[in-house]
Protein chains: 2
Amino acid sequence: MNIGDVATLSGLPAKTIRYYEDIGFVKPLRSQNGYRIFRESDAHKLAFLGRARALGFSIEDCRNLLALYEDERRASAEVKDIAGQHLKRIDRKIAELVEMRATLAHLFEACAGDHRPDCPILADLATKGPDGEVLDRTG
Amino acid sequence: MNIGDVATLSGLPAKTIRYYEDIGFVKPLRSQNGYRIFRESDAHKLAFLGRARALGFSIEDCRNLLALYEDERRASAEVKDIAGQHLKRIDRKIAELVEMRATLAHLFEACAGDHRPDCPILADLATKGPDGEVLDRTG
DNA sequence: ACTTGACCTTCCAGTAGGTGGAAGCCTTAT
DNA sequence: ATAAGGCTTCCACCTACTGGAAGGTCAAGT
């Protein structure tokens with residue numbers, strides 16, 4: 001298979017597949033004309049990676065997951081641990097975004113959004129610190 | 001004020017403040033020894049940026065918000081529009097993460113997490129495409 | 001045989017938003 | 001005098017790709 005075929009099969013752009021070769025995820029053969037030749041197993045791996053990335057796993061996680069996938073003697077506990085840590089990261093990220101969203105939605109509602117310059121959004125940005133605490137500017 | 005003072009005031013690392021100077025957010029004066037000298041207004045701006053970044057606005061958004069902030073004749077509608085677009089981006093991101101989380105949590109629950117190799121998480125990664133559709137590997 | 005267009009190759013640069021570190025000057029206190 | 005801490009610049013690195021240039025290859029059509 002050429003790179004285009006495996007790109008279609010795995011759903012990954014050819015550029016990304018070349019990048020994945022660079023970082024050692026796949027090691028396709030080469031034909032005489034220099035083209036990469038992918039085996040079934042390469043296509044399989046790339047699809048695995050595509051799915052793992054789509055679930056938000058980092059490249060490093062993917063490396064570990066791939067190693068476990070190929071290790072017949074793995075303990076599922078190791079996989080579960082990686083997934084668990086990722087789940088925690090996702091939860092933290094969601095919490096962060098939800099908080100941002102709440103603050104922002106509040107400001108958005110309070111803003112008239114007309115031709116006048118008065119704006120609670122700018123007022124917030126100008127008078128609060130990173131964590132939303134009111135800054136003292138009386139000095 | 002030296003950079004350390006304004007770092008303390010704004011809550012931003014000195015490194016970040018230098019970076020913000022690089023990209024044109026602030027233009028501190030220089031004293032004879034080469035040290036940056038920040039005015040009140042610079043500290044003010046940097047705090048504004050810190051808060052905007054904490055609310056997830058991009059650097060480009062910050063540039064626009066800062067311009068509006070400094071424009072006495074702004075229409076709040078412009079600010080509201082920027083905030084509204086950002087709100088939409090946040091909502092999309094949250095939706096994406098929530099979906100990831102659901103899939104992952106499901107797999108996490110299904111995995112025994114013991115010494116055995118059988119693992120629904122790996123099985124999912126191996127048999128599904130980026131969007132979770134089952135791949136045909138009968139060929 | 002020749003051309004066209006779709007593939008494929010490598011390599012370099014850039015994205016966002018900083019962060020880390022080295023090498024070296026300045027200031028202040030002891 | 002010296003040591004600590006603050007300041008400077010510059011360069012590299014981080015994640016995970018993506019875009020583009022310059023050029024080789026292949027299959028189809030004329």
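If you're wondering where the values come from, they're calculated on a predicted model, not measured in any experiment. Labels below follow one simple rule: chain letters A, B, ... track the order of the sequence lines, proteins then strands, and each chain is numbered from 1.
- Rounded to whole angstrom, the span from the CG atom of B:Leu12 across to the C1' atom of C:dG17 amounts to 12 Å.
- In this structure, CD1 of A:Ile17 is placed 17 Å from P of D:dA16, rounded to the nearest angstrom.
- A straight line from CG of A:Asp22 to P of D:dA16 spans 15 Å, rounded to a whole angstrom.
- Look at CG on B:Leu49: it is 13 Å from C1' on C:dG17, rounded to the nearest Å.
- Counting non-hydrogen atoms of neighbouring residues, nucleotides and ligands closer than 6.0 angstrom, the CD atom of B:Glu99 reaches no more than 12 such neighbours.
- The distance from atom CZ of A:Phe57 to atom P of D:dC17 is 15 Å, rounded to the nearest whole Å.
- Distance A:Glu60 CD to D:dC14 P: 11 Å, rounded to the nearest Å.
- Taking atom CZ of residue B:Arg63 and atom C1' of nucleotide C:dA16, one finds them 12 Å apart after rounding to whole Å.
- Within 4.0 Å (heavy atoms only), B:Tyr20 reaches sugar-phosphate atoms of the nucleic acid but no base atom.
- Exactly one of B:Leu65, B:Ile59, B:Leu66, B:Ile17 qualifies for a side-chain contact (heavy atoms from CB on, under 4.5 Å) with B:Leu49. That residue is B:Leu66.
- Heavy-atom contacts from other residues, nucleotides or ligands closer than 6.0 Å to CZ of B:Arg39 number more than 12.
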Identify the pairs formed between an N or O of the protein and an N or O of nucleotides 8-12 of chain C at a distance under 3.5 Å, and give each distance.
residue : atom : partner : partner atom : Å
C:dC8   : OP1  : A:Gly4  : N            : 2.8
C:dT9   : OP1  : A:Arg36 : N            : 2.8
C:dT9   : OP1  : A:Arg36 : NH1          : 2.8
C:dT9   : OP2  : A:Arg18 : NE           : 3.1
C:dT9   : OP2  : A:Arg18 : NH2          : 3.1
C:dT9   : OP2  : A:Arg36 : NH1          : 3.2
C:dT9   : O5'  : A:Arg36 : NH1          : 3.3
C:dT9   : O3'  : A:Arg30 : NH1          : 3.4
C:dT10  : OP1  : A:Arg30 : NH1          : 3.2
C:dT10  : OP1  : A:Arg30 : NH2          : 3.3
C:dT10  : OP2  : A:Arg36 : NH1          : 3.2
C:dT10  : OP2  : A:Arg36 : NH2          : 2.7

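- Applying the 4.0 Å criterion to OP1 and OP2 of D:dT18, one finds that A:Thr16 has a side-chain N or O inside that range.
- Here the P atom of nucleotide C:dA16 and the CZ atom of B:Phe25 are 12 Å apart, to the nearest Å.
- With respect to the salt-bridge test (charged N to carboxylate O, under 4.0 angstrom), the residues B:Glu21 and B:Arg18 do not qualify.
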(request) Before giving the answer on salt bridge (Lys or Arg N to Asp or Glu O under 4.0 Å), spell out for A:Arg116 and A:Asp118 the whole-Å C-alpha distance, their side-chain angles and the decisive distance to 0.1 Å. (result) CA-CA 6 Å; A:Arg116 290 170 302 169; A:Asp118 315 79; 5.1 Å; no
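- Note on ring orientation: taking the six-membered ring where Trp is involved, the planes of A:Phe25 and A:Tyr20 are perpendicular (angle over 60°, cut-offs 30° and 60°).
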